[in-house]
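Keep in mind that what you see is a predicted model, and the values were worked out from it rather than measured. Sequential numbering from 1 along the given sequence is applied to the chain's residues.
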Amino acid sequence: MDPVLEQLVEPFERMPPAEASRILTEHYGLPAAELESLPTERDDSFLVSAGGQQFSLKVAHPSDDPAVIEMQLAAMTFAATADPGIPLQKIVLGLDGQPVQHVNGRVARLLTWLPGELARGQEPTPSQLHASGVMLGRLNHALSTFEHPAAHRTLAWDLRHLGMLRELATDATAHVIDRFEVSVAPLLDGLPQQVIHNDFHPSNILVDERDPRYVVGVLDFGDVVHAARVSDLGVALAYLAPQGDLLTGVQPFIDGFESVVPLLPEEKAILPDLVSARLVQRIVMSGLLAREQHTTGEN
């Protein structure tokens, strides 16, 4: 198995709430906080209630590179500064004034909690799809001038590295991977490049039907990477497009995105291929993660 994939499924010991509570007290001055463990694949995350406020405490996997985590936080801060209208979490500094805390070989960070309802399970109207596309376009544009050495990393969820999943694919998914590797992947490096969010999907989006923006929160900068600009849109569409015609019904989202970030004809031409690639990524990676969790006995 590719070393990048091996690292992705590397098991680790989950942090008990008592240890998380100690971090909050010693590093953030939040004693007597109430904690709720949140389901995650690769880190420990907690909803924190303290002093009438709510926060999100995230403690990284022991093997995660601290430079990558610092890059993710820097990207979030940069985007919020470039476009203050994008609803993003804010970093809560530790008592030492630092954005991250190093605890027993792991990196912890505390973020503000955003109100709103997850878009997962919602059936957005065309106007809501358009508003969602606008928000991704704004985030994409806000990150367009962000630079960080750690963003130039090899990431399993980067579409340009779809080929690393070939050995795990079934006949059906292998066909898509092979076609992508021959016909699409060679084109990506020639398209506009920048740092992208790379994970704009219903489980990372908070919405409010009463708000004209519709999207009232964008979460999880864990897959931020320097890649082809259009991959940001392809990833998002893969969670919206029905089976069959990959772009049926999602044109309002594309139009919203392009109202902020007009695409080149070459970028538009490969959108269906990017959607297919992300769908295959999800199928193969979900299977891999499920097998590893079953092997290690994790829930």
Within-4.5 Å side-chain heavy-atom neighbours: Arg166 and Asp178: yes
Spacing of CH2 belonging to Trp157 relative to CG belonging to Asp199, to within rounding of 0.5 Å: 8.0 Å
Joint hydrophobic cluster, Leu162 plus Ile283, side-chain heavy atoms closer than 4.5 Å: no
Rounded distance [0.5 Å steps], NE2 in His226 versus CD in Gln193: 6.0 Å
Atom CD of Glu209: over 12 foreign heavy atoms under 6.0 Å: no
Verdict with supporting geometry, Val134 and Phe257, side-chain contact (heavy atoms from CB on, under 4.5 Å): CA-CA 5 Å; Val134 168; Phe257 182 89; over 6 Å; no
Working for side chain to side chain donor-acceptor pair (under 3.5 Å), residues Asp43 and Thr40: CA-CA 6 Å; Asp43 63 14; Thr40 56; 3.1 Å; yes
Side chain proximity check, Val261 to Val230, heavy atoms < 4.5 angstrom: no
Expected output: side-chain Gln54 to main-chain Ser49 donor-acceptor under 3.5 Å: no
Test of ring centre spacing under 6.0 Å for His197 and Phe221: yes
Closest approach of Pro252 to Pro126 (non-hydrogen atoms, all atoms of both residues): CB-O, 3.4 Å
Val107/Asp64 under side-chain contact (heavy atoms from CB on, under 4.5 Å): CA gap, chis, key distance, verdict: CA-CA 8 Å; Val107 180; Asp64 280 355; over 6 Å; no
Residue pair Ile196 / Ala227: nearest heavy atoms and the distance that separates them: CD1-CB, 4.0 Å
More than 12 heavy atoms from other groups under 6.0 Å of CD on Glu19: yes
Close side-chain approach of Met76 to Leu111, heavy-atom, < 4.5 Å: yes
Distance in Å, Leu274 CG paired with Arg160 CZ, rounded so as to fall on 0.5 Å steps: 11.5 Å
Path from Phe200 to Leu279 over hydrophobic side-chain contacts below 4.5 Å: yes
Donor-acceptor pair, side chain of Glu181 and main chain of His161, under 3.5 angstrom: no
Heavy-atom pair with the smallest gap, counting every atom of Thr154 and Val4: CG2-CG2, 3.8 Å
Any donor-acceptor pair under 3.5 Å from Gln101 side chain to His27 backbone: no
Any Ile69 side-chain heavy atom under 4.5 Å of Arg109 side chain: yes
Any donor-acceptor pair under 3.5 Å from Glu267 side chain to Leu264 backbone: yes
From CE (Met285) to CG (Leu5), nearest 0.5 Å: 6.0 Å
Test item: Arg229 side-chain N/O and Gln194 main-chain N/O as donor-acceptor pair under 3.5 Å: no
Shared hydrophobic cluster for Met135 and Leu206 (ILVMFWY, side-chain gaps under 4.5 Å): no
Residues Asp158, Arg153; criterion salt bridge (charged side-chain N to carboxylate O under 4.0 Å, His left out); working and verdict: CA-CA 9 Å; Asp158 183 351; Arg153 56 178 172 146; over 6 Å; no
Pairs satisfying ring pair (Phe, Tyr, Trp, His ring centres under 6.0 Å), at least one member in residues 52-110, at least two apart: Phe12-His61, Phe78-Phe146
Nearest-0.5 Å distance, CG of residue Asp83 to CG of residue Leu88: 8.5 Å
Residues Ser276, Phe180; criterion side-chain contact (heavy atoms from CB on, under 4.5 Å); working and verdict: CA-CA 9 Å; Ser276 295; Phe180 186 87; over 6 Å; no
Trace of the side chain to side chain donor-acceptor pair (under 3.5 Å) decision for Ser259 with Arg138: CA-CA 9 Å; Ser259 71; Arg138 290 175 62 177; over 6 Å; no
Check: Lys90 and Thr77 side chains under 4.5 Å, non-hydrogen atoms: no
Derivation and outcome, side-chain contact (heavy atoms from CB on, under 4.5 Å), residues Glu36 and Val48: CA-CA 7 Å; Glu36 176 186 342; Val48 179; over 6 Å; no
NE2/His152: more than 12 non-hydrogen atoms of other groups inside 6.0 Å: yes
same_hphob_cluster(Ile91, Leu24) at 4.5 Å side-chain heavy-atom cutoff: no
Atom of Tyr28, atom of Leu93 and distance for their closest heavy-atom approach: CD2-O, 3.7 Å
Could you list the donor-acceptor pairs under 3.5 angstrom formed by side chains in residues 117-124, with sequence neighbours left out?
residue	atom	partner	partner atom	Å
Glu117	OE2	Gln122	NE2	3.0
Arg120	NH1	Ser203	OG	3.2

Same apolar cluster (I L V M F W Y, side chains within < 4.5 Å links), Tyr214/Leu219: no
Pairwise distance NE2(His141) to CG(Asp232) - rounded to 0.5 angstrom: 13.5 Å
Short side-chain to backbone donor-acceptor contact, Ser132 and Gln128, under 3.5 Å: yes
Salt bridge (charged side-chain N to carboxylate O under 4.0 Å, His left out) between Glu258 and Lys268, worked out: CA-CA 10 Å; Glu258 283 209 273; Lys268 295 179 184 180; 3.6 Å; yes
Considering all heavy atoms, the nearest Val224-Ala75 contact: CG1-CB, 4.3 Å
Leu47 side chain reached by Leu35 side chain, heavy atoms, under 4.5 Å: no
Expected output: side-chain Asn204 to main-chain Asp220 donor-acceptor under 3.5 Å: no
Salt-bridge criterion met for Arg213 and Asp208 (N-O under 4.0 Å): no
Trace of the salt bridge (charged side-chain N to carboxylate O under 4.0 Å, His left out) decision for Lys58 with Asp44: CA-CA 6 Å; Lys58 299 180 72 67; Asp44 286 304; over 6 Å; no
Beyond-backbone contact of Ser37 with Pro17, side-chain heavy atoms, under 4.5 angstrom: yes
Over all atoms of both residues, closest heavy-atom pair of Leu187 and Ser183: CD1-O, 3.4 Å
Sub-4.5 Å side-chain heavy-atom contact between Leu191 and Ile270: yes
